[in-house]
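Let me begin by presenting the structure, written as structure tokens, before commenting on it.
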Amino acid sequence: MPRSADMDYKQTLNLPKTDFPMRGNLPKREPEMLQRWQQLKLEEKLHAAGKGKPTFTLHDGPPYANGHIHIGHALNKILKDIIIKSKRMQGFHAPYVPGWDCHGLPIELKVDQKLGKQKREMSKVEIRKECRNYAREWVSIQSEEFQRLGIFGDWQHPYLTMTAGYEAATARELARFAERGGLFKGKKPVHWCSSCVTALAEAEVEYADHSSPSIYVKFRFNGELPNELRDAVGERPLDFVIWTTTPWTIPANLGICLNPALDYVVVESGDELLVLAEGLWQSVMQSLGREKGRVVASFNAGIFERQTCRHPLYARDSLIILGDHVTLEAGTGCVHTAPGHGMDDYIVGLKYGLEVYNPVDDYGRYRADLELFGGMKVAEANGAVNDKLNEVGALLQAANISHSYPHCWRCKKPIIFRATEQWFISMEANELRQKALTAIGQVEWIPHWGRDRIYNMIENRPDWCISRQRSWGVPITACYCSKCGHALADGKIMHHIADQFEEVGSDIWFEKDAGELLPAGTVCPECGGDEFRKETDILDVWFDSGVSQAAVVEPHPQLQYPADLYLEGSDQHRGWFHSSLLAALGARDRVPYKAVLTHGFVLDQNGRPMSKSAGNVIAPEKVIKQYGAEILRLWVATQDYRDDNRVGDDILKQVSEAYRRIRNTARYILGNIHDFDPETDLVATDEMLEIDRWALSRLAALTERMKRAYDEYQFHVLYHAVHNFCSVDLSSFYLDVLKDRLYTAPAKSLERRSAQTAMYRILDAMTRWIAPVLSFTADEIWTELPGEREESVHLAEFPASFDELRDLDLEERYSRLLQLRSAISKALEEARNAKLIGHSLDARVTLAAATGPWRELAENYRNELATLCIVSQAELVEELTDGKASDELPELVIRVDKAEGEKCERCWNYSKSVGEEEARPTVCRRCREALDA
RNA sequence: GGGCUAGUAGCUCAGCUGGCUAGAGCACACGACUGAUAAUCGUGAGGUCGGAGGUUCAAGUCCUCCCUGGCCCA
């Protein structure tokens, strides 16, 4: 029970006072802040404030308009937002135009599912309308979700890849490719369902067990025998043995592929000489049911490169080629290669100039003109092929195996791999590949290894297949002559069509006939025909988003070309960074970005990718509900995003603890400057107390770190710096030491104003520094800070340099004082454990130091020691025989006693001066003076 | 299998071009305070720097191999 006098004196103290709540209550207050920003018309004001300033263009990579945002989206957008906000506060005009990727298969599939059977009676235009509505719905949902994260941007005018203007721009860029000869028609194998008569994307393929034939086939070598094998083989026939589970592709065989890194052997079995990989020959012998077999020679695959074997059924050769994809996992090490029926085969075939030969039609039948099997359904052709192979003596063995095989997701029937006509962008025309490689060297990649990553991809990638056999996308605006079938992809004509997209969008392609779309008088350059049919393929969505540099950055009045920065996950080296580069160089010979920054992926707490099936998904929505968006924002700043980013309950808990530390530090300062007006009460630096100048020097140091952290996009450095500053410099030392002065000195005294000046300047600066990350909280602090200021911290700028506040000598002295303080703290802790003291103010410290720097320091600060250590008395003596030497600083001997005198009821310091005055017997002299002031 | 990349206390991160007994904060344990109080302060414990070789007077830091993850391909 406090005595009445106690209460009276408490009234005379300057205790902290603030309405700023200790707990953020973020889930509830953030929406209020969002509303406030809207009422302020903050976005408009930011735009207005940007006028006349240099522009910083961060071009937004469009997320796919399908499904709720996940934590990876949050990471990406928050990083962008931090950068945009920090650039603004550095004095740039930094507009942010968000975008969405709206075309493509996933949306079309979702709409398919929704429509069900209904779809069959609908026209392409109607289906596309459904897709458009679907995408638009998700755009608006995701937009809300992003805004809830506190992301600033022109949300009223985002760019969508499905708007008329964007589609026109897309078609126009394609026309440019055509104009420059970068567009060509070729063949490429795709998953094909012969029953649905359609190409299938990877997402539409299901894998299921299926029984297939398993055959071993001999290909008779008919080239010139390499010298290395002369002795072993002589004049005897040599057979390369291939293994396949699709005999029906044998008619399309054009090559045999060996791995140059593997060893091969010639095995003598009966009267045959068989070529097999060394690592497989014995198991093959076993499969063939042959007991005997003898290796008569071994060799490296390279000696047979570009030699030939005879096709067992047709009068043509099969080229012996080399490829890394050949493994020892199955087969013979000699891989049957049909470029028209397999992806590996296709790619390796390109290297060797093999034809992409496909003798199979849309319905899964061999073309009528195919020798031996013409007109036969390939699904039923396996037996016939085997019989024929057997007949010519090439079949070594035929059996059946069960294995995983691709099936159509819709009709559930097994599908085939089959080359079809596709549009490509050539990597070689106009030296696109070389230009891209050169351009990569001119771009700044952050982190630097991004360069190697994309360089290797561009260096090795095949031509860009931009055809998709789908409905929901921008059409490839080519036509075919109805008479001769000639493909018309003329730049001028394509521009003419693109112009028609400008007003009404690309739907017009599906609504009108070729004759209406083409310029009047168009004739086929081959046969002079004047009737055409339209291409039905649409563009790869990567082309859509790849042209955003042309469709958005270039024409947008706020943005500047090229963009200063692209910022996406590291998967986009293959995706958007890649397609943007090729699209910009291929169509216009320009590089779309000056710098590219990548972040890693979000993983769970244990470093595993998140997935529904693993049940480890952390939805942004849930984090927002439980902790607030601010915690998600701060989490982003804790991560070194160049690597993978882990998130989980424990991590989020830790982040919210850190948040509270920062928040409470701000709150405490606000409480202590409630009666401070910077207009009138600010103390000039050279009149401030030394420790207050030290605090400002630390602020100056922090400022330098902040500047660098923002410049280098190193937000985790920023986080740690701010957090350490709050914990170490402020809370545990400076603010703790300050309490006595703040509470007990007269409210308007220089001592108190000096401290308030330091605190005010610290909080003002810190609030600005954290604003890009803690956007909600910073603005909340901002409105509580005294002084004239902008309506929102986001309209303010970062603090100028504080170089003049930096005092390295002072900091050096204080770092040693802190060491001394720490030694004393340890001694106090021992005294506390011995029940000698409770609060440190109960203590009297006696200190002795041998001559030397520590002695000197202690002498220089003998009058401040008590204050710095928050003890009632501290004395420096010549010699101390009954003290204890410090472990860390052995020159120091420390003794802790109970403080002398009585405890002052007002300031809680012990002092002999308590009781000196009869009228006020319970307070010390210092307090009496303060009360009289 | 290939390209790129990461692996320092339970967690998030420092540790520059090799040089003091490897640091910080948080979390944890114990204690103090009750005038930052669902706060604040102090003390303490905690690491064979993924592993194994090697170079060097000296290696978390350089080299080789291996292990475990991630992204993108195949």
For this session: Give the rounded distance in Å between these two atoms: CG of L738(A) and C1' of U40(B).
Result: 14 Å
Problem set entry | Any strand: nucleotide that pairs with C26(B) via Watson-Crick or wobble, under 3.5 Å | G10(B)
For this session: Just do the side chain to side chain contact (heavy atoms under 4.5 Å, CB included) check on D842(A) and R832(A) with the steps written out, would you?
Result: CA-CA 10 Å; D842(A) 298 345; R832(A) 201 154 17 230; over 6 Å; no
For this session: Using a 4.0 Å heavy-atom cut-off, write out nucleotides 2-7 of chain B from 5' to 3' as B (base contacted by protein), S (sugar-phosphate only) or - (no contact).
Result: -BBSS-
Exercise. Taking CD from Q605(A) and C1' from C11(B), how many angstroms apart are they, rounded to a whole number?
Worked result: 8 Å
Exercise. Does R663(A) count as lying over the ring of Y659(A), i.e. NZ or CZ under 6.0 Å from the six-ring centre, within 45 degrees of the axis?
Worked result: no
Seminar exercise, completed: Taken to the nearest whole Å, CG/D8(A) to P/G35(B) is 16 Å
Exercise. With the sugar-phosphate defined as primed atoms, P, OP1 and OP2, and the base as all remaining atoms, what B/S/- string results for nucleotides 23-28 of chain B, 5' to 3', for protein heavy atoms under 4.0 Å?
Worked result: -SBSS-
Problem set entry | Separation of atom CD in E829(A) from atom P in G31(B), rounded to whole Å | 11 Å
Problem set entry | Closest-nucleotide 5' rank along RNA chain B - winner of R574(A) and R23(A) | R23(A)
For this session: Please step through ring-ring contact (aromatic ring centres under 6.0 Å, His included) for the pair H70(A) and H73(A), ending with a clear verdict.
Result: CA-CA 5 Å; H70(A) 55 68; H73(A) 288 118; 4.0 Å; yes
Problem set entry | Protein-nucleotide distance (D740(A), atom CG; A36(B), atom C1'), rounded to Å | 15 Å
Problem set entry | OP1 or OP2 of A32(B) under 4.0 Å from side-chain N/O of K835(A) | yes
For this session: Check whether the aromatic ring of W908(A) stacks on the base of G35(B), taking stacking as ring centres less than 5.5 Å apart and planes within 30° of each other.
Result: yes
For this session: Could you tell me the separation between the CG atom of L652(A) and the C1' atom of G10(B), rounded to a whole number of Å?
Result: 16 Å
